[in-house]
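Note that these values count all heavy atoms, side chains included, but never hydrogens, waters or copies made by symmetry.
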Amino acid sequence: MLTMILNTIRGDLTSHITAAQSSSSTSDASACLALCSIANVSGLELIQALHVEVQQVLISQNSTAFAKKKSALCLLRLIRTVPGLISGSQFAPHVANLLQNRNLGVQQVL
């Protein structure tokens, strides 16, 4: 059962990453729902399996500002649950790029 849940959430996140901007409304909504479910369930197996996809949504060029805000909040919750999940030196360049984002909401979340 957990495998089916992981595959469904992973499919929603990866379809958002690879989606074109023209059809991003449905993939944006499904990705945001997937991010909310990851953050709220936050089981250890779920975190270990999907934290890479959450990071990819955050740094993807195809992601909307709303999806980036959701993924940043989700990643914050995952890091609070499992502190050794992501090394700071590995993810610092991405955060520096996100701080240059024009959307104030994305900057405030970081």
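Nearest heavy-atom pair, T14 versus G11, reported as atom, atom and distance to 0.1 Å: OG1-O, 3.4 Å. Taking each heavy atom of P83 and T81 in turn, the nearest pair found is CD-O, 3.6 Å. Closest approach of H51 to Q48, counting heavy atoms only: ND1-O, 3.4 Å. When all heavy atoms are compared, the tightest approach of V57 to A67 is CG1-O, 4.1 Å. Contact between A49 and R10 at its shortest, heavy atoms only, is O-NH2, 3.0 Å.
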Take L6 and L2, measure what side-chain contact (heavy atoms from CB on, under 4.5 Å) needs, and give me the verdict at the end.
CA-CA 6 Å; L6 286 173; L2 183 63; 4.3 Å; yes
Decide side-chain contact (heavy atoms from CB on, under 4.5 Å) for S37 and I9; before the verdict, give the C-alpha distance in whole Å, the side-chain angles of both, and the deciding distance to 0.1 Å.
CA-CA 9 Å; S37 64; I9 292 174; 3.8 Å; yes
Check against side-chain contact (heavy atoms from CB on, under 4.5 Å), L33 and D12
CA-CA 9 Å; L33 286 173; D12 289 342; over 6 Å; no
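R77 has its side chain out of reach of I38: every pair of non-hydrogen atoms, C-beta onward, lies at least 4.5 Å apart. At least one side-chain heavy atom of L13 sits under 4.5 Å from a side-chain heavy atom of L35. Residues S71 and L75 have side chains not in contact (no heavy-atom distance under 4.5 Å, counting atoms from C-beta outward).
L44 and I86 end up in the same hydrophobic cluster when Ile, Leu, Val, Met, Phe, Trp and Tyr side chains are linked at under 4.5 Å. I47 and V52 fall into different hydrophobic clusters, where Ile, Leu, Val, Met, Phe, Trp and Tyr side chains are chained together by heavy-atom contacts under 4.5 Å. Residue I79 is grouped with residue V41 when hydrophobic side chains (ILVMFWY) are merged at heavy-atom distances under 4.5 angstrom, including chains of intermediate members.
Between C74 atom SG and Q55 atom CD the span is 10.5 Å, to the nearest 0.5 Å.
Among L50, L85, L73, the single residue meeting the side-chain contact (heavy atoms from CB on, under 4.5 Å) criterion with L78 is L85.
No donor-acceptor pair under 3.5 Å is formed between the side chain of S63 and the backbone N or O of L58.
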